[in-house]
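See below for the structure under consideration.
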Amino acid sequence: MSFDRNTLMRAAEEARQNAYAPYSGFAVGAALLSEDGRIFGGCNVENASYSLTCCAERGAVMQAVASGATRFCAVAIVGAPIGEDTDAPCYPCGACLQVLSEFCDPETPVCLTGGDVTLHDLMPNAFNLGR
Ligand code: THU
């Protein structure tokens with residue numbers, strides 16, 4: 001499935017502008033391309049009770065599912081300290097990989113600064129209920 005990588009990366013960059021990260025100072029943006037062609041963005045949202053922080057990727061997934069999109073054909077993620085450019089790849093955390101695995105195929109491209117990988121590259125064996 002071909003897609004416009006630049007558009008998806010730009011959507012992740014735009015979402016990153018809204019990151020609420022006063023505690024870590026690290027701003028992340030994610031964008032999901034749904035199978036029906038819509039793009040959903042998410043940013044990290046931190047909390048004074050640190051463990052309640054929500055990652056950008058999971059924010060994007062929640063927004064998409066609430067809008068009726070449950071299959072994604074591409075993911076883009078950008079992250080860097082606030083005010084810095086996203087020059088280095090920002091890999092999704094394990095929790096986000098597990099959540100993305102629910103709604104993506106293993107071959108789904110994950111676009112990162114500097115190059116793309118697949119979901120399988122990052123999480124070859126997501127948890128499943130074996131049925
Ligand atoms: N963060 C994300 O948004 N996505 C990830 O996959 C890993 C980390 C956020 C959480 C926190 O606000 C900041 O990055 C530093 O950990």
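Every number for a ligand or one of its atoms is a count from 1 in the order of the listing. Keep in mind it's a predicted model, so treat the numbers as computed, not measured. We number each residue from 1, following the sequence as shown. Just so it is clear, the values below take in all heavy atoms, side chains as well, and ignore hydrogens, waters and symmetry mates.
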Nitrogen or oxygen contacts under 3.5 Å, ligand 1 side and protein side:
{"unit_1": "ligand 1", "atom_1": "3 (O)", "unit_2": "A56", "atom_2": "N", "d": "2.9"}
{"unit_1": "ligand 1", "atom_1": "4 (N)", "unit_2": "E57", "atom_2": "OE1", "d": "2.8"}
{"unit_1": "ligand 1", "atom_1": "4 (N)", "unit_2": "E57", "atom_2": "OE2", "d": "3.4"}
{"unit_1": "ligand 1", "atom_1": "6 (O)", "unit_2": "E57", "atom_2": "OE1", "d": "3.3"}
{"unit_1": "ligand 1", "atom_1": "6 (O)", "unit_2": "E57", "atom_2": "OE2", "d": "2.8"}
{"unit_1": "ligand 1", "atom_1": "6 (O)", "unit_2": "C93", "atom_2": "N", "d": "2.8"}
{"unit_1": "ligand 1", "atom_1": "12 (O)", "unit_2": "N44", "atom_2": "ND2", "d": "2.9"}
{"unit_1": "ligand 1", "atom_1": "12 (O)", "unit_2": "E46", "atom_2": "OE2", "d": "2.4"}

- Query: Looking at D85, L8, T86, which one forms a side-chain contact (heavy atoms from CB on, under 4.5 Å) with E13?
  - Reply: T86

- Query: Do the ring planes of Y23 and Y50 sit parallel (below 30°), tilted (30 to 60°) or perpendicular (above 60°)?
  - Reply: tilted

- Message: Using the rule side-chain contact (heavy atoms from CB on, under 4.5 Å), only one of N125, T108, N128, L119 pairs with S101; which is it?
- Response: L119

- Message: With rounding to the nearest 0.5 angstrom, report the SG to CD distance, C43 to E57.
- Response: 11.0 Å

- Please assess V117 against L122 for the test side chain to side chain contact (heavy atoms under 4.5 Å, CB included), listing each intermediate value before the final yes or no. CA-CA 8 Å; V117 294; L122 300 173; 3.8 Å; yes

- Message: Looking at R71 and D105, is any side-chain nitrogen of the basic one under 4.0 Å from a carboxylate oxygen of the acidic one?
- Response: yes

